[in-house]
Participant: 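Sending over a structure as structure tokens; questions will come in a sec.
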Amino acid sequence: MTPPRKLHIKSYGCQMNVYDAQRMVDTLAGEGFVETANADEADLVILNTCHIREKASEKVYSELGRLRVMKDDAVRQGREMKIAVAGCVAQAEGEEIIRRAPTVDVVVGPQSYHHLPQLLKQAKAEGRALETEFPVEDKFGFLPPPKPDAIRSRGISAFVTVQEGCDKFCTFCVVPYTRGAEVSRPVTRIIDDVARLADNGVREITLIGQNVNAYHGEGPDGRSWPLGKLLERLAAIPGVARLRYSTSHPRDVEDSLIEAHRDLPALMPFVHLPVQSGSDRILAAMNRKHTADDYRRVIDRFRAARQDIAFSSDFIVGFPGESREDFSATLALVTQIGYAAAYSFKYSPRPGTPAADMREIVPAAEMDERLERLQNLIDIQQSAFNKAVIGTTVDVLFERAGRNPGQIVGRTAYLQPAHVMASPDIIGKVLPVRIDSLERYSLLGELAARHAQPQASALSQTAIGA
Ligand code: SAH
Ligand code: SF4
Ligand code: F3S
């Protein structure tokens with residue numbers, strides 16, 4: 001028997017890339033590859049890249065420089081090391097990558113991962129292989145489902161892609177170009193995936209998509225199902241203690257999603273709802289197709305359905321033409337909404353997007369200052385949100401052993417890490433924890449006696465999860 005070949009994948013960017021990396025591992029397992037954490041002992045290294053901002057893209061080339069040295073060493077030792085570039089840079093730049101970095105053997109875009117085994121054979125025969133076209137076939141259909149062992153080794157929480165691509169064309173964003181048009185997976189496939197994951201110990205499912213609440217997959221009844229209806233169906237699968245979804249767009253928040261938050265205890269009350277800016281003028285220039293008030297109204301609908309709901313968001317500062325007043329409107333929106341967490345970025349022009357041609361560039365120093373002010377405000381909100389948990393009892397889904405002996409780590413409904421000293425058999429269960437303190441971003445606490453009357457969401461699911 002030939003020894004297994006070793007595969008190392010390095011992922012950048014969003015959750016979709018993390019998920020895709022697992023799909024590539026599953027696909028290549030069929031070709032005799034096993035994963036390794038060390039690039040230098042790998043027979044195949046895949047860089048799973050992100051094109052969202054300039055820095056993210058440039059990282060790929062510096063990493064390829066390092067890999068070239070490793071590959072040369074391997075060749076000197078009489079070993080073969082193939083290098084593949086996958087992800088959104090592969091999609092956006094295609095052949096240009098091989099021109100800039102001849103050490104690369106395979107370039108494969110996100111729509112073509114099921115062709116990886118074939119591409120590797122082609123690269124061996126011809127010296128290189130390229131596949132960055134959007135195939136018209138059902139790109140979701142070809143990949144093998146992960147084996148039970150593979151699922152178990154991945155733990156308690158898993159991503160499931162339900163939708164891919166985006167038709168929104170925000171003027172700053174590369175995603176519609178790198179991930180293509182919006183496509184939704186059929187409901188039955190998603191149910192099968194979630195049931196398989198739950199059967200193998202997964203307790204928390206995060207449905208992912210570039211625009212996840214634009215989901216409109218075909219249901220078993222032949223009709224198009226919205227995300228809310230899908231969530232309702234998935235919540236009924238035995239073993240599923242927690243459901244989440246990411247990333248959503250404020251324009252696609254249908255009533256069925258709001259109702260799902262009202263009706264489904266398993267659906268966690270934490271929603272990532274990027275707004276990007278608080279200025280209507282900038283939102284229009286970004287082609288977000290919503291105003292700041294539209295966004296406030298969406299938040300109000302969520303809050304009316306579930307009081308304890310919290311939000312996170314993404315912001316871009318220094319979009320072309322952003323004046324001080326526009327930026328103040330963003331600060332005002334943040335102050336008014338109150339976020340549990342948020343990501344903020346300096347605008348980065350992306351080749352081929354409409355905003356890259358906009359002239360009114362915000363000076364770098366001004367951008368830095370705005371970013372700092374926004375991040376300070378968000379930090380204050382986030383730490384107030386985290387501190388508010390101290391002294392209360394909250395449900396935690398336990399995921400793994402902590403760094404210190406005897407410590408087990410889990411997450412609250414709001415994804416805050418929580419640590420307790422307990423036996424490892426609590427892993428996979430949702431249990432109430434009395435929170436004593438906060439250390440940086442982690443909560444420390446003790447397992448609490450069960451509530452006399454468990455009213456909370458996930459608690460009632462514990463019996464299934466246990
Ligand atoms: N689908 C998600 C966004 C995915 S990209 C959504 O619609 O919200 C993640 C975040 O990166 C975006 O929300 C945006 O804040 C940021 N981003 C995207 N393009 C960018 C650019 N050109 N410059 C700076 N930040 C950008
Ligand atoms: Fe990009 Fe806008 Fe689509 Fe989000 S909605 S992926 S920001 S184009
Ligand atoms: Fe990056 Fe592509 Fe995701 S550009 S953010 S890896 S969709």
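What you are looking at is a predicted structure, and each value in this text was computed from that prediction instead of being measured. Remember, it's 1-based here, ligands and their atoms both numbered in the order they're listed. In this chain, numbering begins with 1 at the start of the sequence shown.
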Participant: Check atom 1 (Fe) of ligand 3 and write out every protein N, O or S atom at under 2.8 Å, as residue and atom.
Facilitator: Cys50 SG

Participant: Short list, please: which atoms of ligand 1 are under 4.0 Å from a heavy atom of Gln210?
Facilitator: 1 (N), 2 (C)

Participant: Show the protein residues that qualify under the rule heavy atom under 4.0 Å from an atom of ligand 2, listing them in chain and number order.
Facilitator: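 Ligand 2 is contacted, at a heavy-atom distance under 4.0 Å, by Cys166, Lys168, Phe169, Cys170, Phe172, Cys173, Val175, Pro176, His249, Arg288.
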
Participant: Within a reach of under 6.0 Å around CZ of Arg296, are more than 12 heavy atoms found that belong to other residues, nucleotides or ligands?
Facilitator: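 Yes, CZ of Arg296 has more than 12 neighbouring heavy atoms, counting only those of other groups under 6.0 Å.
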
Participant: Would you say that more than 12 heavy atoms from the other residues, nucleotides or ligands in this model lie under 6.0 Å from the CZ of Arg223, or not?
Facilitator: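 Check fails, neighbour count at 12 or below.
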
Participant: Look at ligand 1 and say whether Arg288 reaches it with a heavy atom at a distance under 4.0 Å.
Facilitator: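 Within the 4.0 Å threshold, so yes.
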
Participant: Looking only at protein heavy atoms, which one is nearest to atom 23 (N) of ligand 1, and how far off is it?
Facilitator: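 The protein heavy atom lying closest is Ser348 N, 3.0 Å.
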
Participant: Evaluate Tyr343 against Phe315 for ring-ring contact (aromatic ring centres under 6.0 Å, His included), listing each step before the verdict.
Facilitator: CA-CA 6 Å; Tyr343 304 92; Phe315 295 91; over 10 Å; no

Participant: Please confirm whether the backbone N or O of Asn17 pairs with a side-chain atom of Asp20, one donor and one acceptor, at under 3.5 Å?
Facilitator: no

Participant: Find out whether the Lys NZ or Arg CZ of Arg244 is both under 6.0 angstrom from the six-membered ring centre of Phe270 and within 45° of the ring's axis.
Facilitator: no

Participant: Considering heavy atoms of the protein only, find what lies nearest to atom 15 (O) of ligand 1 and give residue, atom and distance to 0.1 Å.
Facilitator: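 Looking at atom 15 (O) of ligand 1, the protein heavy atom closest to it is Gln276 OE1, 2.7 Å.
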
Participant: Taking 4.0 angstrom as the limit and counting only heavy atoms of Asp314, give me the atoms of ligand 1 inside it, by number and element.
Facilitator: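 Counting atoms of ligand 1 from 1, those under 4.0 Å from Asp314 are 9 (C), 10 (C), 12 (C), 13 (O), 15 (O).
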
Participant: Considering only heavy atoms, which of Arg350, Lys168, Lys346 lies nearest to atom 24 (C) of ligand 1?
Facilitator: Lys346

Participant: Between Arg99 and Glu93, is there a side-chain N and carboxylate O pair less than 4.0 Å apart?
Facilitator: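 Judged by the 4.0 Å cut-off on N to carboxylate O distance, Arg99 and Glu93 do not form a salt bridge.
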
Participant: Look at atom 18 (C) of ligand 1 and say which protein heavy atom is nearest, naming residue and atom and giving the distance to 0.1 Å.
Facilitator: Ile52 CG1, 3.4 Å

Participant: Are any side-chain N or O atoms of Arg350 and backbone N or O atoms of His51, one a donor and one an acceptor, separated by less than 3.5 Å?
Facilitator: yes

Participant: For ligand 1, is there an atom lying under 4.0 Å from some heavy atom of Ile316?
Facilitator: yes

Participant: Tell me whether the count of non-hydrogen atoms from other residues, nucleotides or ligands lying under 6.0 Å of CZ in Arg68 goes above 12.
Facilitator: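 No.
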
Participant: How close does the nearest protein non-hydrogen atom get to atom 19 (N) of ligand 1, and which residue and atom is it?
Facilitator: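 Looking only at protein heavy atoms, the one closest to atom 19 (N) of ligand 1 is Phe172 CD1, 3.3 Å.
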
Participant: Just jot down the ligand 1 atoms closer than 4.0 angstrom to any heavy atom of Thr247, in number order.
Facilitator: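 This gives 2 (C), 6 (C), 8 (O) as the contact atoms.
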
Participant: Look at Asp368 together with Lys346 and state whether they make a salt bridge at an N to O cut-off of under 4.0 Å.
Facilitator: yes

Participant: For atom 11 (O) of ligand 1, grab the closest protein heavy atom and report residue, atom and distance to one decimal in Å.
Facilitator: Arg53 NH1, 3.0 Å

Participant: Can you confirm whether Glu31 is buried at CD, in the sense that more than 12 heavy atoms of other residues, nucleotides or ligands lie under 6.0 Å from that atom?
Facilitator: yes

Participant: Has the side chain of Asp280 got a donor or acceptor atom that lies under 3.5 Å from a matching backbone atom of Ala292?
Facilitator: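 Side chain of Asp280 to backbone of Ala292, a donor-acceptor pair under 3.5 Å: yes, one is there.
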
Participant: At under 4.0 Å between heavy atoms, which part of Phe345 makes contact with ligand 1: side chain, backbone, both or neither?
Facilitator: side chain

Participant: Number the atoms of ligand 3 from 1 as they appear, then name those within less than 4.0 Å of a heavy atom of Gln210, with their elements.
Facilitator: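 Those qualifying, in numeric order: 7 (S).
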
Participant: Could Arg303 and Asp308 be called an ion pair, given the rule that one side-chain N must be under 4.0 Å from one carboxylate O?
Facilitator: no

Participant: Ignoring hydrogens and angles, tell me if any N or O in the side chain of Glu322 forms a donor-acceptor pair with the backbone of Val317 under 3.5 Å.
Facilitator: no

Participant: Under 4.0 Å from atom 4 (C) of ligand 1, is there any protein heavy atom?
Facilitator: no

Participant: Determine, using ring centers only, whether Tyr339 and Phe311 are less than 6.0 Å apart.
Facilitator: no

Participant: Does CZ in Phe169 sit with more than 12 non-hydrogen atoms of other residues, nucleotides or ligands closer than 6.0 Å?
Facilitator: yes

Participant: Taking the six-membered ring where the residue is Trp, are the ring centres of Tyr414 and His272 under 6.0 Å apart?
Facilitator: no

Participant: Tell me the protein heavy atom at minimum distance from atom 8 (O) of ligand 1, and give that distance in Å.
Facilitator: Pro274 CG, 3.0 Å

Participant: Give a yes or no on whether Leu415 atom CG has more than 12 heavy-atom contacts from other residues, nucleotides or ligands under 6.0 Å away.
Facilitator: yes

